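Let me begin by presenting the structure, written as structure tokens, before commenting on it.
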Amino acid sequence: MPATNTATRYGSVTKGFHWLTALLIVTVIPLGIFAHDAPFATDAELSRKALLFSLHKTVGVTIFFTALARIVWALTQTKPAGLHPERRAETFLADTVHWLLYASLVLVPLTGWIHHAASTGFAPIFWPFGQSLPFVPKDESLSATFATLHFLFERVMVLSIVLHVAGALKHHLVDKDVTLLRMWFGTTTGGMAGPKHGLLPLLGAAGVYAIALGIGTSLGFFAPHNDEPAPTALTQVASDWTVQDGTLSITVTQFGSPVTGTFADWTAAITFDESATQDAGEVTVTIAINSLTLGSVTDQAMGADFFDAATHPTATFTAPITRNAEAYSANGTLTLKGASAPVALPFALVLEDDTATMTAAITLDRRTFGIGDNMPEENNLGFAVDVNIALTATRTTQ
């Protein structure tokens, strides 16, 4: 069978691309459905869900590159003529569906890939080139936008596939012509020259995508989701030093990749005497747990198996501040999710007049506080949690 197309038949390369794409599509869609619906209450369930998502993403990326190769090949080939050029409306619809399919094979995996690359906390793609994309920042808002685009374009793709299959079956069972057989392996030929629709089918396909975006916008798919509980309101604290700027972040390891998040709302009551040689003061930090953003796993982190923000809305750390020459530490007690444990926090301190800049980094074990007890192994969620603190405080004027 010849590799290239003619005006009356498809070549073996075109047929190979067609059926490979079909196989990939009937694989990727069920994987996505099963992954989305799979439970993740236990370590084993999360492993299974992550595997399904990883397979779904990997097949999706394969579809993207297969589609690019298929389009490049199609641009070099003669397109076999239609069998019924006199049926202008039917031919226009068939050409429009083909444009929709080609666009879908690129846009659906690409939007899913960007959604993946912009997010943190993910089931990885099984390939050796990293999980990020050039010019795609780690941004949960961007990730959510492309997740919505992926969802909408996927619906267009499914509609296009249904119309494509229905058309092929109509030709085979009703018209009893060789439309379907021309795409099967063999040397079946057929077709004749007819009128060209030019750009009209392309414009029709673009119109379908515009309608899909319009429907998605009207239904609020692109609107920010405000159904998350409001962060716990913390009471203003009296302090000898007022925090002007600060960052409290944590980094966990999920599926072998670091995921970093920050607590947006926390207070620090600080007494500190820079002239002291040993007992230099005290600090009490209160943290609003549900002010944490932790990439795509934020909602999961708030759940009962993890931080359980509904039952334990705050965490506290109370410690005396001690000084040993130019070294400082706050060795006290951290209470988190109802569990208390001693924590030693050495920190660096730079004093300039009435301004203090403090930085610290420690590593905690999530098991100490009963976080993720349903995941007793590290293959899904690492035991170590890196905590990084940086703040600038000014002496309160009395």
Side-chain angles (χ1 to χ4, degrees), residues 35-36 38-58 112-133 136-147 150 225 228 231 246-266 287-309 315 334 336-337 360-390:
H36 182 271
F40 54 92
T42 67
D43 214 7
E45 288 178 345
L46 182 60
S47 292
R48 191 179 307 113
K49 188 181 186 76
L51 175 61
L52 289 171
F53 266 122
S54 289
L55 291 172
H56 173 75
K57 295 175 183 181
T58 304
W113 197 358
I114 295 175
H115 159 56
H116 168 89
S119 183
T120 53
F122 47 70
I125 299 172
F126 293 144
W127 71 333
F129 304 112
Q131 305 298 319
S132 299
L133 282 174
V136 178
K138 295 295 183 184
D139 185 301
E140 290 306 314
S141 176
L142 179 68
S143 179
T145 296
F146 276 90
H150 182 68
H225 297 288
E228 295 86 359
T247 301
L248 175 57
S249 67
I250 63 172
T251 299
V252 300
T253 301
Q254 186 184 40
F255 305 122
S257 298
V259 183
T260 298
T262 58
F263 291 94
D265 193 13
W266 49 278
I287 305 163
I289 293 299
N290 62 0
S291 71
L292 173 67
T293 55
L294 192 62
S296 62
V297 295
T298 299
D299 291 342
Q300 182 183 357
M302 295 298 105
D305 291 324
F306 299 93
F307 282 103
D308 195 8
L334 174 62
L336 173 63
K337 198 184 176 183
I362 58 170
T363 298
L364 303 176
D365 189 322
R366 64 176 174 83
R367 297 171 297 178
T368 302
F369 303 95
I371 294 176
D373 281 346
N374 61 325
M375 296 183 182
E377 305 295 334
E378 287 196 277
N379 56 323
N380 289 333
L381 182 63
F383 297 146
V385 179
D386 295 329
V387 181
N388 286 276
I389 306 166

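Model, not experiment: these values are computed from the prediction.
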May I have all residue pairs that pass salt bridge (charged side-chain N to carboxylate O under 4.0 Å, His left out) and include part of residues 367-378, sequence neighbours excluded? Asp365-Arg367

If you take all heavy atoms of Ala117 and Lys138, which pair is closest and at what distance? O-NZ, 2.8 Å

Rounded distance (nearest 0.5 Å) linking atom CG of Asp139 with atom CZ of Phe146: 10.5 Å

Nearest-0.5 Å distance, CZ of residue Phe307 to OG1 of residue Thr298: 10.5 Å

Please answer whether the main-chain N or O of Pro39 pairs with a side-chain N or O of Arg48 as donor and acceptor at a distance below 3.5 Å. no

Would you say the side chain of Val385 lies within less than 4.5 Å of the side chain of Thr253, judging by non-hydrogen atoms? no

Give, for atom CG of Asn379 and atom CG of Asp43, the distance between the pair rounded to the nearest 0.5 Å. 5.5 Å

Does Val259 reach the side chain of Leu294, with side-chain heavy atoms less than 4.5 Å apart? yes

Rounded distance (nearest 0.5 Å) linking atom CG of Asp265 with atom CG of Leu292: 12.0 Å

Could you tell me whether a side-chain N or O of Thr368 sits under 3.5 Å from a main-chain N or O of Leu364, the two making a donor and an acceptor? no

Any donor-acceptor pair under 3.5 Å linking the side chain of Lys49 with the backbone of Ala44? no

Given 3.5 Å as the limit, does a donor-acceptor pair link the side chain of Lys337 with the main chain of Gly370, or not? yes

Does a side-chain heavy-atom distance below 4.5 Å link Thr293 with Glu140? no

Would you say His115 and Leu142 make side-chain contact, with heavy atoms under 4.5 Å? no

Gln131 side chain to Ile125 backbone, donor-acceptor under 3.5 Å: yes

If every non-hydrogen atom of Phe263 is compared with every non-hydrogen atom of Ile250, which pair is closest and at what distance? CE1-CG2, 3.9 Å

Thr251 side chain to Thr260 backbone, donor-acceptor under 3.5 Å: no

Can you confirm whether the side chains of Asn374 and Thr42 place a donor and an acceptor under 3.5 Å from each other? no

Can Gln254 and Asn380 be said to form a side chain to side chain contact (heavy atoms under 4.5 Å, CB included), step by step? CA-CA 6 Å; Gln254 186 184 40; Asn380 289 333; 6.0 Å; no

Has Lys57 got a side-chain atom pairing as donor or acceptor with His116's backbone, closer than 3.5 angstrom? no

Please name the pair of heavy atoms, one in Ala123 and one in Ala50, separated by the smallest distance, quoted to 0.1 Å. CB-O, 3.3 Å

Close side-chain approach of Leu46 to Gln300, heavy-atom, < 4.5 Å: yes

Rounded to the nearest 0.5 Å, how far does CH2 of Trp113 lie from NE2 of His150? 13.5 Å

Separation between OG (Ser47) and CZ (Phe255), nearest 0.5 Å, reads 6.5 Å

Are Met375 and Arg366 close enough that some pair of their side-chain heavy atoms sits under 4.5 Å apart? yes

Nearest heavy atoms of Thr120 and Gly295, plus distance in Å: OG1-CA, 3.1 Å

Measure the shortest side-chain to side-chain distance between Leu55 and Phe126 over non-hydrogen atoms and say whether it is less than 4.5 angstrom. yes

Are Leu381 and Val252 packed together at the side-chain level, in the sense that at least one heavy-atom pair is separated by less than 4.5 angstrom? yes

What do the steps show when you test Thr363 against Val387 for side chain to side chain contact (heavy atoms under 4.5 Å, CB included), and what is the final call? CA-CA 6 Å; Thr363 298; Val387 181; over 6 Å; no

On a heavy-atom basis, which atom in Phe53 and which in Ala35 lie closest, and how many Å separate them? CE1-O, 3.5 Å

Going through the distances and angles, do Ile289 and Leu336 end up as a side chain to side chain contact (heavy atoms under 4.5 Å, CB included)? CA-CA 9 Å; Ile289 293 299; Leu336 173 63; 3.8 Å; yes

